[in-house]
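Just so it is clear: chains get the letters A, B, ... in the order the sequence lines come, proteins before strands, and each one is counted from 1.
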Amino acid sequence: MRATETLIPTLKETPAEADIASHVLLLRGGFIRRLASGLYTWLPLGVRVLRKVEAIIREELNRRGAQEVMMPVVQPAQLWRESGRWEAMGAEMLRMKDRHERDYAMSPTHEEVVTDLARRVLDSYQRLPVNLYQIQTKFRDEVRPRFGPLRAREFTMKDGYSFHLDDDSFERTYQDMRDAYSAVLRRVGLDFRAVLADGGNIGDSESHEFQVLAGSGEDVIAYCPESDYAANLEMAEAVAPAPSDAAPLELAKVATPDCRTIADVAKFLAVEPEHCVKTLIVRGAETPLVAIVLRGDHELNLTKAGRLDAVATPVAFAAETDIRTALQCSPGSIGPVGLAMPVYADRAATALANFVCGANDEGYHLTGVNWRRDAGGAQTVDVRNVVPGDPSPDGKGTLQFARGIEVGHIFKLGVKYSEPMGLSVQNGAGEDVTLTMGCYGMGVTRLVGAIVEQCHDDAGIIWPAAVAPFDVHIVALGYDRDAAVHEAADAFLNACEERGIEALLDDRDERAGVKFAEADLIGAPHRVTIGARNLKRGLVEYKPRHEGQGDLAPPERIAERIAQAKNT
RNA sequence: CGGGGCAUAGCGCAGUUUGGCAGCGCGCCUGCUUUGGGAGCAGGAAGUCGGGAGUUCGAAUCUCCCUGCCCCGACCA
């Protein structure tokens with residue numbers, strides 16, 4: 001292709017609307033333009049990248065037996081009422097009415113539609129399992145769209161749904177999809193982790209997120225460098241430390257005036273925060289209040305807390321006035337000793353001996369506290385956030401933290417939709433079986449953003465070869481005024497096309513600096529510079545985007561080299 | 001949804017405090033020169049100063065209302 005015939009509106013300066021690398025570079029490189037908050041137009045260059053990503057996804061899914069379909073984006077409310085999500089989805093779902101005043105949703109996801117499809121067409125267990133997917137537009141009216149294509153309101157998602165007679169069948173497909181997602185991300189050339197995640201409100205059990213590692217990512221993941229353990233911070237298990245075997249000291253009550261925080265208490269009593277415990281009071285499911293005890297240096301994990309039977313969900317801290325009424329002291333002086341409410345203690349807190357805690361008496365703390373002797377009623381649970389350096393739950397090393405961009409999420413739906421929507425078939429024995437479902441999502445437009453986030457330098461994007469808008473950027477210097485350059489550039493473009501190399505020839509009447517700067521910005525993996533000087537010796541310059549230095553060679557040799565790189 | 005900020009030419013910004021001809025850089029158009037890392041000179045086009053109401057002889061500037069956008073927190077591919 002020729003630059004003079006392609007719409008590539010690059011920007012020299014950073015638009016004020018963007019402040020992270022991927023957003024800035026996609027705008028500046030002429031890949032996307034914003035229409036309104038969270039709404040983006042994909043320009044020719046951007047579409048080329050999207051299509052490549054989609055092609056890879058299709059290949060990996062089709063290879064594993066998934067079949068592509070395409071479902072409507074506008075969906076009747078009736079279906080959503082059946083699943084109960086017309087109410088449950090809230091403002092995130094864009095709603096509208098047609099000319100007959102009937103309610104519709106702009107689909108944020110397709111479980112309802114695909115389940116409806118399945119109950120109409122899956123008339124026998126002999127058709128199972130079935131794995132359907134589509135690459136489609138979704139709309140989610142995000143509270144706060146940001147970071148350009150990383151969190152847009154309208155976006156392209158590959159969503160897949162599988163249907164099974166039993167869990168074994170589901171597990172096989174789940175594993176296939178897990179492999180497919182890893183294969184896609186590997187082919188795209190990304191550093192990523194498949195992490196254990198919370199199913200959130202879509203699924204009903206454990207799931208995996210595919211996180212592309214990037215410092216600007218919104219999610220924190222805990223992973224073990226020595227093994228393949230990786231989990232979302234919400235999910236990462238905090239293993240029990242070895243219990244202290246110190247001989248019990250005498251329980252003592254000490255005045256701790258003006259000590260409101262663990263840091264205050266630790267400093268005042270000259271002990272480390274990890275020898276103190278803090279007691280948090282949350283709302284209970286059965287009782288008004290529930291206590292959760294953590295080691296002084298640890299943080300509560302709200303997801304884990306929400307799974308505790310006695311804790312009300314969503315997890316909410318008790319109001320200070322309620323605490324004062326119930327305990328006659330402020331939150332800073334609470335401890336597990338003699339507390340008249342259900343008490344959960346984190347494993348790390350339980351492992352302590354002779355620790356410090358609040359005395360449930362304003363301005364006093366207890367020292368030398370021991371669980372068995374002084375606060376035996378506590379139930380030991382895992383309820384804290386892991387911290388870097390914690391042992392990995394698989395016993396193979398210690399955890400580290402990284403930030404990630406969630407580009408994919410796969411989970412088991414079970415019968416969450418098939419049951420309320422009546423999706424069942426008869427099995428071989430003539431019994432009605434409600435189908436088990438799996439759900440597999442991958443954000444395609446987000447993935448493009450994540451790629452740029454991971455693959456760029458100060459000058460611009462460095463596309464992984466598999467998804468680059470072009471294989472090679474041909475910089476023809478003086479194309480319009482030097483016949484030899486003109487001819488050589490056209491010939492090189494032809495040579496590329498004959499070899500199946502996608503090339504962009506910069507045939508514009510621009511100066512060298514402009515052309516080089518834009519080539520770096522756009523980020524094709526290979527760059528070939530054709531200038532009068534080197535051409536006199538029959539040479540052109542070749543430089544990979546990610547390397548500083550290029551070299552000179554005859555054009556045919558370079559075309560061959562690029563063709564080879566493309567096919568390996 | 002809560003908190004903060006911004007809105008002036010296609011893009012980036014100054015001008016607003018203290019009301020008085022709407023400006024600068026980049027980009028765009030024309031011409032000449034230049035030509036391997038975002039050129040130089042000359043000329044030119046381009047603005048409902050986000051919208052509405054008000055104060056005033058006079059409003060980009062002051063007041064009120066509205067809208068849009070960005071950033072920080074709880075959700076998600």
Using a cut-off of less than 4.0 Å, is there contact between a side-chain N or O of [X] and OP1 or OP2 of [N]?
X: A:Arg511; N: B:U35; answer: no
X: A:Ser37; N: B:C70; answer: yes
X: A:Lys12; N: B:G27; answer: yes

Take atom [atom1] of [X] and atom [atom2] of [N], then tell me their distance rounded to the nearest Å.
X: A:Lys158; N: B:A77; atom1: NZ; atom2: P; value: 12 Å
X: A:Leu521; N: B:G38; atom1: CG; atom2: P; value: 14 Å
X: A:Glu111; N: B:C76; atom1: CD; atom2: C1'; value: 13 Å
X: A:Phe411; N: B:A77; atom1: CZ; atom2: P; value: 5 Å
X: A:Leu39; N: B:G68; atom1: CG; atom2: C1'; value: 13 Å
X: A:Arg144; N: B:G3; atom1: CZ; atom2: P; value: 15 Å
X: A:Leu477; N: B:G37; atom1: CG; atom2: P; value: 9 Å
X: A:Glu518; N: B:G27; atom1: CD; atom2: P; value: 11 Å

With a non-hydrogen cut-off below 4.0 angstrom, is [X] in contact with a base, only sugar-phosphate, or nothing?
X: A:Gly408; value: sugar-phosphate
X: A:Thr14; value: sugar-phosphate
X: A:Ala512; value: sugar-phosphate
X: A:Val407; value: sugar-phosphate
X: A:Glu142; value: base
X: A:Arg527; value: base
X: A:Ala152; value: base
X: A:Asp159; value: nothing

Base-pairing assignment for [N] (Watson-Crick or G-U wobble, both under 3.5 Å):
N: B:C1; value: B:G73
N: B:G12; value: B:C24
N: B:G47; value: none
N: B:G68; value: B:C6
N: B:C41; value: B:G31
N: B:U17; value: none

Can a salt bridge be assigned to the pair A:Lys412 and A:Glu171 using a cut-off of 4.0 Å between side-chain N and carboxylate O?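 Judged by the 4.0 Å cut-off on N to carboxylate O distance, A:Lys412 and A:Glu171 do not form a salt bridge.
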Electrostatic pair A:Lys278-A:Glu299, nearest N-O below 4.0 angstrom: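 A:Glu299 and A:Lys278: not salt-bridged.
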If I pick the [atom1] atom on [M] and the same atom on [N], what distance separates them, to the nearest angstrom?
N: B:C13; M: B:C6; atom1: C1'; answer: 13 Å
N: B:G38; M: B:G19; atom1: P; answer: 45 Å
N: B:C49; M: B:C41; atom1: C1'; answer: 32 Å
N: B:A45; M: B:A39; atom1: C1'; answer: 22 Å
N: B:A60; M: B:G23; atom1: C1'; answer: 12 Å
N: B:G10; M: B:G47; atom1: C1'; answer: 12 Å
N: B:A77; M: B:C70; atom1: C1'; answer: 23 Å
N: B:G31; M: B:G36; atom1: C1'; answer: 26 Å

Side-chain donor or acceptor of [X] under 3.5 Å from a matching atom on the base of [N]?
X: A:Arg34; N: B:C70; result: no
X: A:Asp219; N: B:C76; result: yes
X: A:Arg28; N: B:G12; result: no
X: A:Glu13; N: B:G25; result: yes

Mark yes or no: A:Arg48 above the aromatic ring of A:Phe470, with NZ or CZ under 6.0 Å from the six-membered ring centre and no more than 45 degrees from the axis.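 Because its charged atom sits under 6.0 Å from the ring centre and within 45° of the axis, A:Arg48 does stack over A:Phe470.
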A:Trp80 six-ring face occupied by A:Arg85 cation (under 6.0 Å, within 45°):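 No - A:Arg85 does not lie over the ring of A:Trp80 by the 6.0 Å and 45° rule.
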If you check every side-chain atom of [X], which of [options] has the closest atom?
X: A:Val514; options: B:A77, B:G38, B:G36; value: B:G38
X: A:Glu218; options: B:G36, B:A77, B:C75; value: B:C75
X: A:Pro15; options: B:G36, B:C1, B:C11; value: B:C11
X: A:Asn534; options: B:A77, B:G36, B:C72; value: B:G36
X: A:Ala36; options: B:A77, B:G12, B:C69; value: B:C69

Taking for each residue the nucleotide of RNA chain B with the nearest heavy atom, is it A:Met442 or A:Ala16 whose nucleotide lies nearer the 5' end?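 Counting from the 5' end, the first nearest nucleotide belongs to A:Ala16.
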Would you kindly compare A:Lys515 and A:Arg151 by the position of their nearest RNA chain B nucleotide and give the one closer to the 5′ end?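 Nearest-nucleotide comparison on RNA chain B picks A:Lys515.
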Taking the side chain as every heavy atom from C-beta outward, state whether A:His23 and A:Leu150 have any atom pair closer than 4.5 Å.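 Contact flag for A:His23/A:Leu150 side chains = no.
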Would the distance check show the side chain of A:Tyr344 and the main-chain N or O of A:Ala310 forming a donor-acceptor pair, the cut-off being under 3.5 Å?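 A pair under 3.5 Å: yes.
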Would a distance-only check, ignoring hydrogens and angles, find a side-chain to backbone donor-acceptor pair under 3.5 Å from A:Arg81 to A:Trp86?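 Answer holds: no.
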Face-to-face stacking of A:Phe155 with B:A77, centres under 5.5 angstrom, angle under 30°: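 Stack criterion met.
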Positive for side-chain hydrogen bond (donor to acceptor under 3.5 Å, both in side chains) with A:Tyr181, one of A:His208, A:Lys158, A:His409: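 For A:Tyr181, the side-chain hydrogen bond (donor to acceptor under 3.5 Å, both in side chains) test succeeds with only one of A:His208, A:Lys158, A:His409, which is A:Lys158.
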Verify the distance criterion only: is there a donor paired with an acceptor across the side chains of A:Tyr417 and A:Asp116 at less than 3.5 Å?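 Side chains of A:Tyr417 and A:Asp116: no pair found under 3.5 Å.
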